[in-house]
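So that the names make sense, note that chain A is the first sequence line, chain B the second, and so on, each numbered from 1.
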Amino acid sequence: MRLRFAPSPTGALHIGGARTALFNWLLARGSGGRLVLRIEDTDRERSTPENVAQIIDALNWLQIDWDEGPIMQSERAERHRQELARLLDQGHAYRSTATAEDVKAYKAKHGADRGFRGRQEGEGAIRLRVPDEGATIVHDVIRGDTRFEHVHLDDPVIARADGSVLYNFAVAIDDLDAGITHVVRGEDHLSNTPKQLLVLEALGAPQPLYAHLPLLHGPDGKKLSKRHGAASVQELRDAGYLPAAVRNYIALLGWGSESDETILSTQELIDQFKLERVSRNPARFDETKLRWMNGVYIRASSVEDLASAIEDHLELEDPDAAAAVRADRAKLLEAARISQEKIQRLSDFWPLSGFLFQEREIQEKARARWMGEESVAIATQARAELADIDAFDEPSVQRALEGLVARLEVKPGNVYQPLRVAISGTTTSPGIFESIVLLGRKETLKRIDDALAGAAR
RNA sequence: GCCGCCAUCGUCUAGGGGACUAGGACGCCGCCCUCUCACGGCGGUAACACGGGUUCGAAUCCCGUUGGCGGUACCA
């Protein structure tokens, strides 16, 4: 199989484009075929080098690689011109000055079910001549055959008056030259396919097989946009998702494995992905499931890997936090270990466990609930216990505090929550024993003292 | 308007005429575990858009309606 991913650099790579890239990649890797990356930048106004860089960056982050390219469509202008000249010579295409309004007027006059057919004028934009009779049938691996009657089709403009080619022409030529066997892309291109097929036919060229993927929508069923939160690959990365989790999740949008499994490694994805099993209905991108899935991947990571991922993430998102974390690798490792089962995204780490690296102000609500008279009395005793024990490790700390709970005959939370608030500033944190040990005796006692002093005021 | 695609729990989906009392996953709810938050375990909630056919039998096939989406650019 020879496949291609052909984004147009008019914006960031969004999740729909990422899925198209992934499906092509899975097919290439699973079949021993090749994947061609082509940048469709024939829209000179909207295509920018920054967007190209961003798309490549996104693919790199997703760990989707390609075998050929990136081919810039704009650099193939000469080839496009050649084929265009051939079509013109052979009468398959002609120049016409007809505008969009002219086409509309034509159809109003001739009836809605009669496609626009222009006259050879020798100047103006170049249109492809569509046969009056018959139909073009798109053979789609996912959808079966779709028939487009020629009478409904307008002669499409394939090149501007200045000779620069348009999308539907360039794609056909580029796919042909690249020897693409399977065109896998979004369903928004289905209606364009007959035009491309007609170009190929006029050229007497072979036709590839098509597969049009169902479109992706936002949670509200509307077109995906920034409004829906993390819609681009970059935003997903910034939100603290892992590439492997994102790949797993988007693979499941419009496709399901035969085994009905949800968590699938990239290798399993490669082994199991079949175009024939891609669904025909549009899917909504709902971040909730991705969040859950990311948590699964985080829990499955080694502590080493998780720590590195957290560090990289902080590096990008929070320089201060990154510096704090970088200063003590051993501590980061421990912090990652005790946070691992409590976070779903890398971005959850710092809010939950940052207190292990930096002292924080105690939140008002937490103080009100857990720094009252009784709590202060308990915390004072707990402080004494912690100051007293010989070894400051988890078993010792646990034994000491559990002893206190038993002696005081209070609920465990009455001891642990004031301590938690004192050391973390809030009511949720990793396990209290682990947190205290990781903080160390000196720092723990200091924070309890600070909290006690604050409560007295 | 015209052309086309699509239609199963809130969401992603399984389903290819009888195996469907419609399965799984996320979410949600409840219980258990529990130092908080999570994790984990157990249980529950919830869907074949509507109307006609075809058939002994339809979530599955056909037609229509409705709805969603795409195309209809000298955009991609």
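Between F273(A) and F23(A), the two ring planes are tilted [angle within 30° to 60°].
Looking at heavy-atom distances under 4.0 Å, S164(A) makes no contact with the nucleic acid at all. Across all strands, G431(A) comes closer than 4.0 Å to base atoms (heavy-atom distances). Among the heavy atoms of the strands lying under 4.0 Å from R277(A) are primed sugar atoms or P, OP1, OP2 only; no base atom is included. As judged by a 4.0 angstrom heavy-atom cut-off over every strand, I432(A) is placed among the base-contacting residues. Among the atoms of the strands shown, only primed sugar atoms or phosphate atoms (P, OP1, OP2) are found under 4.0 Å from some heavy atom of R299(A). Within the 4.0 angstrom heavy-atom criterion, base atoms lie near T427(A). At the heavy-atom level, D154(A) lies under 4.0 Å from the strands shown only through sugar-phosphate atoms.
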Practice prompt. Carefully, step by step, assess D154(A) and K107(A) under the rule salt bridge (charged side-chain N to carboxylate O under 4.0 Å, His left out).
Written response: CA-CA 9 Å; D154(A) 300 327; K107(A) 296 177 87 157; 3.1 Å; yes
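The 5' end of RNA chain B is approached more closely, in terms of each residue's nearest nucleotide, by L253(A) than by the other of A159(A) and L253(A). The 5' end of RNA chain B is approached more closely, in terms of each residue's nearest nucleotide, by T146(A) than by the other of A6(A) and T146(A).
Spacing between G10(B) and C20(B) at atom C1', rounded to whole Å, works out to 22 Å. Using C1' as the reference atom, A47(B) and U21(B) are 14 Å apart when rounded to the nearest Å.
A salt bridge links E334(A) with R337(A): the closest approach of a Lys/Arg side-chain nitrogen to an acidic carboxylate oxygen falls below 4.0 angstrom. Ion pairing between D348(A) and R345(A) holds under the 4.0 Å rule for side-chain N and carboxylate O.
Between the side chain of K104(A) and the base of U72(B), no donor-acceptor pair under 3.5 Å is found. One N or O donor and one acceptor, one from the side chain of S191(A) and one from the base of G70(B), sit under 3.5 Å apart. Checked by distance alone, K342(A) brings no side-chain donor or acceptor within 3.5 Å of a matching partner on the base of C39(B). Side-chain atoms of D286(A) stay outside donor-acceptor range of the base of G10(B), with no qualifying N/O pair under 3.5 Å.
Pair assignment for C48(B) gives none, since no Watson-Crick or G-U wobble pairing has each distance under 3.5 Å. Across all strands shown, U72(B) is found opposite G1(B) as a Watson-Crick or G-U wobble partner, with both distances under 3.5 Å.
Counting only heavy atoms from C-beta on, D260(A) has its side chain closest to G23(B) among C12(B), C74(B), G23(B). Each of C12(B), A76(B), C26(B) was ranked by its minimum atom distance to the side chain of A283(A); first place goes to C12(B). Taking the side chain of R143(A) as heavy atoms from C-beta on, and the options C5(B), C74(B), G40(B), the nearest nucleotide is C5(B). Between U13(B), C75(B), C2(B), one nucleotide has an atom nearer to the side chain of S279(A) than all others, and that is U13(B). The side chain of V157(A) sits closest to C74(B) out of G71(B), C74(B), G4(B).
We find that NZ of K289(A) is positioned 10 Å from C1' of G27(B), with the value rounded to whole Å. At whole-Å resolution of the value, CZ in F169(A) and P in C74(B) are 16 Å apart. As rounded to whole Å, 15 Å separates atom C1' of G4(B) from atom CZ of R280(A). Distance CH2 (W292(A)) to P (C39(B)): 11 Å, rounded to an integer number of Å. Nucleotide A38(B) holds its P atom 11 Å from the CG atom of D348(A), rounded to whole Å. Rounding to whole angstrom units, CD1 of residue I250(A) and P of C26(B) are separated by 20 Å. Counting to the nearest Å, the C1' atom of C37(B) and the CH2 atom of W370(A) are 14 Å from each other. Note: NE2 (H189(A)) to C1' (C69(B)) measures 15 Å, nearest angstrom.
Pairing each heavy atom of S257(A) with each of L264(A), the nearest pair is CB-CD1, 4.0 Å.
Checked by atom type and distance alone, the side chain of H92(A) never pairs as donor or acceptor with a backbone atom of R129(A) at under 3.5 Å. In this structure a side-chain-to-backbone donor-acceptor pair under 3.5 Å is present from N294(A) to L242(A).
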